[in-house]
Amino acid sequence: MGVNIDWNNLGFDYIKTNANLRCRFDGKRWSQISVTEDEYIRMHIATMGIHYGIMAFEGLKAFRGKDGKVRLFRPADNARRFQSSAYKLCLEPMPTDVFVEACIQLVKLNIDFVPPYESGASLYLRPLMYGSQVAIGVHRCPEVDIVFFASPVGPYFKGGMQLIKVVIDRMQDRAAPRGTGDIKAGGNYASSLLSGEKAHDMGYDNVMYLDAAQHRFVEECGAANFFGIKNNTYVTPASPSILPSVTNDSLRTLAADMGLNVEQRPVTVEELKTFEEAGACGTAAVISPIGSIYDIDTQEYIDYGKTIGPVSLALYNRLRDIQYGRAEDKHNWCVIVE
């Protein structure tokens, strides 16, 4: 069927599609995946997931390519990260093949909502899991409910990539060492809301979070990974409390393909001023190039210039070309759905 959507003016928001998928682990075995048009989750008032934050999610996209084919980007990698989140939250991990097949089925059911190639938009998939046992005490939750839903979303930057302004604010820590920062738990995002609102009120696009122990090392940039370019090297922070970004992993691979050195290591605040380019990377925007960084405590201002850096632009274009079928998928990242 046709859908009445203004593809060229999509934002990043929820739009109802044809169907979503449900699956349940009852403590012993997984159920069959069911299909529903129901947009609501019915749960008991004592459901453990909503009381104790026992929930996590994923985000991935499907793209309609230049050749008309629909491609899912690296679903198996999202499945593995979903499993890591489940493990740390003491939930039963969904097998990789089941996760990938559910994503493929979800796209097929909502194929009319995959935006046309010319729009630059995509179909965003959101797998969500939560501990669904009814209980009051805090303990391992043996029952898990999983929902897969999708929504068409527009390109993050309307009219092309734009530089963003970032602020370093030590008023709030995103994640503690050996905490849940390395998984996609919902609480990680809740803990960034206050500082994010403050940054926006001050006129900044994003907050750069530092390590919670010493406030010396760069961790993440809002809900995205950070990277910097200098001396023909792609540098991105290493920390046990950083979410392993599928996009960042892809960019590191493409940087190596371009002949750049790749380093994943601790990055100090002092090193930020030595980068020629800097950016935040993630599923939503791929790359958000950073134009400037302001440190509230030290009042130091770092200016990366008024134009997007050539390496960041080249990496962005290379990844988008693979996602939209304009370039060879040498690393077999894409799964053809239709």
Side-chain angles (χ1 to χ4, degrees), residues 49 51-59 81-91 130-131 138 164-202 204-228 234-249 251-252 263-275 278-285 288 290 292-302:
H51 285 262
Y52 306 119
I54 311 173
M55 65 79 55
F57 64 96
E58 273 301 320
R81 194 169 65 179
F82 206 46
Q83 292 164 356
S84 295
S85 296
Y87 174 78
K88 206 158 200 178
L89 295 173
C90 293
L91 296 174
Y130 62 93
V138 180
I164 64 170
K165 297 191 301 180
V166 173
V167 63
I168 298 174
D169 187 358
R170 296 167 179 80
M171 70 166 284
Q172 189 173 15
D173 296 322
R174 186 193 64 86
R178 296 184 294 277
T180 60
D182 61 329
I183 64 172
K184 210 165 174 63
N188 296 345
Y189 299 83
S191 68
S192 68
L193 289 174
L194 182 61
S195 55
E197 287 297 304
K198 178 183 176 183
H200 292 150
D201 289 345
M202 294 174 63
Y204 293 93
D205 301 296
N206 225 328
V207 180
M208 180 168 287
Y209 293 102
L210 307 181
D211 73 289
Q214 302 178 63
H215 292 152
R216 287 191 56 231
F217 298 97
V218 175
E219 295 242 308
E220 292 205 297
C221 196
N225 278 192
F226 171 82
F227 72 89
Y234 181 102
V235 182
T236 192
S239 164
S241 52
I242 293 176
L243 181 72
S245 165
V246 175
T247 302
N248 195 350
D249 182 74
L251 294 175
R252 292 198 302 271
E263 296 178 359
Q264 191 171 14
R265 57 171 174 75
V267 175
T268 64
V269 175
E270 292 74 24
E271 188 180 3
L272 289 172
K273 59 180 173 287
T274 70
F275 290 118
C281 58
T283 301
S288 298
I290 296 173
S292 64
I293 299 175
Y294 177 66
D295 190 326
I296 290 179
D297 287 352
T298 65
Q299 297 187 357
E300 183 172 13
Y301 178 81
I302 302 171

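Count residues from 1 along the sequence. Side-chain atoms are counted along with the backbone in the values below, which use heavy atoms only and exclude waters and symmetry mates.
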Looking only at atom types and distance, does a side-chain atom of Arg81 sit under 3.5 Å from a main-chain N or O of Glu58, one as donor and one as acceptor? no

Do you know the tightest heavy-atom contact between Ala213 and Pro177? CB-CG, 4.2 Å

Distance col, row Leu89:CG vs Lys184:NZ, nearest 0.5 angstrom, shows 13.5 Å

Measuring only between side-chain heavy atoms, which start at C-beta, is Ile293 closer than 4.5 Å to Ile168? yes

Are any of the side-chain heavy atoms of Asp297 and His215 separated by less than 4.5 Å? no

Does atom CZ of Arg178 have more than 12 heavy-atom neighbours, drawn from other residues, nucleotides or ligands, at distances under 6.0 Å? no

Is a side-chain N or O of Thr247 found less than 3.5 angstrom from the main chain of Cys281, in a donor-acceptor match? no

Smallest heavy-atom separation, Gly186 atom then Phe57 atom, equals CA-CE2, 4.3 Å

Count the heavy atoms belonging to other residues, nucleotides or ligands that lie under 6.0 Å from OH of Tyr189, then report whether that count exceeds 12. yes

Does some side-chain heavy atom of Ile183 sit less than 4.5 Å from a side-chain heavy atom of Tyr87? no

Supply the atom-to-atom distance Asp169 CG to Met202 CE, rounded to the nearest 0.5 angstrom. 7.0 Å

Taking all non-hydrogen atoms of both residues, which atom of Lys88 and which atom of Gly179 are closest, and how far apart? NZ-O, 2.8 Å

Validation row: Arg170, Ile296 side chains within 4.5 angstrom (heavy atoms): no

How long is the gap from NE2 on His200 to OG on Ser195, to the nearest 0.5 Å? 9.5 Å

Minimal non-hydrogen separation, Phe275 against Val235, with atom names: CE2-CB, 3.9 Å

Can you name the closest pair of heavy atoms from Leu272 and Ile302 and give their distance? CB-CD1, 3.6 Å

Quick check against the 3.5 Å criterion: does Thr268 have a side-chain atom that pairs as donor or acceptor with the backbone of Glu271? yes

Could you check whether any side-chain heavy atom of Ile242 comes within less than 4.5 Å of a side-chain heavy atom of Pro237, counting everything from C-beta outward? yes

Between Tyr204 and Tyr294, what is the ring plane arrangement, given parallel below 30°, perpendicular above 60°, and tilted in between? parallel

Please check this pair: side chain of Asn225 against backbone of Leu243, looking for a donor-acceptor N/O pair closer than 3.5 Å. yes

Is a side-chain donor or acceptor of Asp211 paired with a backbone partner of Phe217 at a separation under 3.5 angstrom? yes

Can we say Lys198 and Asp201 salt-bridge, meaning some charged N sits less than 4.0 Å from an Asp/Glu carboxylate O? no

Just how far is it from atom CE of Met208 to atom CD of Glu219, taken to the nearest 0.5 Å? 11.5 Å

Taking C-beta and beyond as the side chain, do Asn206 and Ser288 meet within less than 4.5 Å on heavy atoms? no

Would a 4.5 Å heavy-atom cut-off, applied to side chains only, mark Arg174 and Val207 as touching? no

Apply side chain to side chain donor-acceptor pair (under 3.5 Å) to residues Thr236 and Asn248 and explain how you reach the verdict. CA-CA 8 Å; Thr236 192; Asn248 195 350; 2.9 Å; yes

Mind listing the closest non-hydrogen atom pair of Gly59 and Thr283 along with its distance? O-OG1, 3.6 Å

Kindly assign one of parallel, tilted or perpendicular to the pair Phe227 and Tyr234, based on the angle between their ring planes and the thresholds 30° and 60°. parallel

